[in-house]
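Before any comments, here is the structure.
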2 protein chains.
Amino acid sequence: MRPENIHVTASAAPPGPQHEDCRGVASVLSRVGDKWSVLVIMLLIDGPRRFNELKRMINGISQRMLTLTLRGLERDGLVTRTVYPTIPPRVDYELTDLGRGLAEPVKALGQWAFAHLPEIEGARGRFDARKEE
Amino acid sequence: MRPENIHVTASAAPPGPQHEDCRGVASVLSRVGDKWSVLVIMLLIDGPRRFNELKRMINGISQRMLTLTLRGLERDGLVTRTVYPTIPPRVDYELTDLGRGLAEPVKALGQWAFAHLPEIEGARGRFDARKEE
DNA sequence: CTGTATCCGACGTGATACTG
DNA sequence: CAGTATCACGTCGGATACAG
């Protein structure tokens, strides 16, 4: 997210530019669009998880991506990272209140998506079919 | 969006894999994460718009990206594209019922993001500050 | 006006190897 | 176990030029 000018948030019409809080909003939206972030949030909803625990649950994510995803979530204050200096080391990730708050609208969106999947996939099919003559 | 295995949707816990509708859900979520798509949807909420009208309203989007974004939305059945074979040509884009439906949870998410921007940016600032010693 | 085609650099992502 | 570092590759996105 590094666009320069955007003019929305819930506005419209030709009148003119609005604010630039949109950039911030956009950065949050893109986190939702991020494949792994949403997944991780969902998995953390009912309690803290360890690193490899998450890795196994997701199946298909690389170590690298999981690390980056968790860092991003931590940076945004959505999850906490607590290290137990035992050996072997143990790190727990847990949703913050903020994270749990975000989970709600995200779930709503997910449910909408799930409910309308047939329509969307149908539309895609028709669109694609029409294009290849 | 071409991951292979994901195990969520609203689930959790170690139990086991779920379905693979998640891939579909993920594809919808990534559309929301897409910077431009959400913007365009918001702009179309109160009526149809022409191509260049959208282009001007967004300011910063390239012609290419606007075209691609609109194609994507059209493909998913979220917007309709109607061509008036006048000269010069005129093309209107309008939200479908499905598109308007999607706009709702998206707005909810946008409002949450807007409301919690301060917290998030604060968290980011603290996180970044801590890292550079 | 509304696109499509091409070039090209920037970034995201997975695979792999190595460290505390 | 929980990361970091490096590399190689593919895609995304902007700029530009051109077409209907």
Side-chain angles (χ1 to χ4, degrees), chain A residues 1-6 14 23 26-27 29-40 43-44 48-75 79-94 127 131-132, chain B residues 1-6 23 26-27 29-40 43-44 48-75 79-94 127 131:
Chain A
M1 279 302 112
R2 18 19 188 170
E4 298 315 322
N5 310 302
I6 306 184
R23 279 191 277 190
S27 74
L29 290 189
S30 67
R31 190 160 290 301
V32 171
D34 179 26
K35 207 168 55 185
W36 308 119
S37 294
V38 177
L39 236 38
V40 170
L43 292 174
L44 289 179
R49 298 283 180 188
R50 302 182 52 170
F51 185 87
N52 271 354
E53 204 173 352
L54 289 170
K55 188 163 186 306
R56 278 191 302 274
M57 290 170 83
I58 293 186
N59 184 10
I61 192 174
S62 65
Q63 197 172 33
R64 188 186 126 94
M65 279 302 98
L66 182 53
T67 300
L68 290 181
T69 300
L70 288 168
R71 284 290 174 287
L73 293 173
E74 187 194 357
R75 188 173 107 98
V79 310
T80 58
R81 176 173 181 273
T82 51
V83 182
Y84 300 92
T86 60
I87 132 173
R90 166 192 178 133
V91 182
D92 274 17
Y93 291 91
E94 186 172 13
F127 185 89
K131 301 218 67 174
E132 51 190 52
Chain B
M1 280 296 110
R2 32 329 184 215
E4 297 315 323
N5 309 303
I6 307 183
R23 279 192 276 188
S27 73
L29 290 190
S30 67
R31 191 161 288 302
V32 171
D34 179 25
K35 209 168 52 185
W36 308 119
S37 293
V38 177
L39 236 39
V40 169
L43 292 174
L44 288 179
R49 298 283 179 189
R50 301 183 53 172
F51 186 86
N52 271 357
E53 203 173 353
L54 289 170
K55 188 163 185 312
R56 277 190 305 272
M57 290 170 82
I58 293 186
N59 185 9
I61 192 174
S62 64
Q63 196 172 32
R64 179 173 183 267
M65 279 302 98
L66 182 54
T67 301
L68 289 180
T69 300
L70 289 169
R71 284 290 175 285
L73 293 173
E74 187 193 357
R75 187 173 105 100
V79 309
T80 57
R81 175 173 180 272
T82 51
V83 183
Y84 300 92
T86 59
I87 131 176
R90 166 194 179 132
V91 182
D92 275 18
Y93 292 92
E94 185 172 13
F127 184 91
K131 302 217 65 175

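Keep in mind that this is a model prediction, so the values were computed, not measured. Numbered from 1 within each chain, the chains take letters A, B, ... in sequence-line order.
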* Asked: So, is R81(B) near the phosphate of dT2(C), with a side-chain N or O under 4.0 Å from OP1 or OP2?
  -> no

* List the protein contact pattern of nucleotides 15-20 of chain D with one symbol per nucleotide (5' to 3'): B for base contact, S for sugar-phosphate-only contact, - for none; contact means a heavy-atom distance under 4.0 Å. => B----B

* Asked: Taking atom P of dC12(D) as reference, at what distance in whole Å does atom CZ of R31(B) sit?
  -> 12 Å

* Structure fact -> Closest of dA2(D), dG3(C), dG13(D) to the V91(B) side chain is dG3(C)

* For atom CG of D34(B) and atom P of dC11(C), their distance in whole Å -> 18 Å

* Among dC1(C), dG14(C), dG3(D), the one nearest W36(A) by side-chain distance -> dG14(C)

* Starting at atom CZ of R71(B), determine the distance to atom P of dT2(C), rounded to an integer number of angstrom. => 12 Å

* Measure from CD1 on I58(B) to C1' on dG13(D) and round the result to the nearest Å. => 15 Å

* To do: Taking only the side-chain heavy atoms of R50(A) (C-beta and beyond), determine which of dT4(D), dG3(C), dA2(D) contains the nearest atom.
  => dA2(D)

* To do: For T67(B) and for L68(A), find the nucleotide of DNA chain C with the closest heavy atom, then tell me which residue's nucleotide is more 5'.
  => T67(B)

* Asked: Atom CZ of F51(B) and atom P of dG3(C): how far apart are they, to the nearest Å?
  -> 6 Å

* Nearest-Å distance for atom pair CD1/C1', residues I61(B) and dG3(C) -> 14 Å

* Using Watson-Crick and G-U wobble pairs whose two distances are both under 3.5 Å, how do you write the pairing of DNA chain C as dot-bracket, with | for links to another strand? -> ||||||||||||||||||||

* Side chain of K35(B) - closest among dC1(D), dG14(C), dG14(D) -> dG14(D)

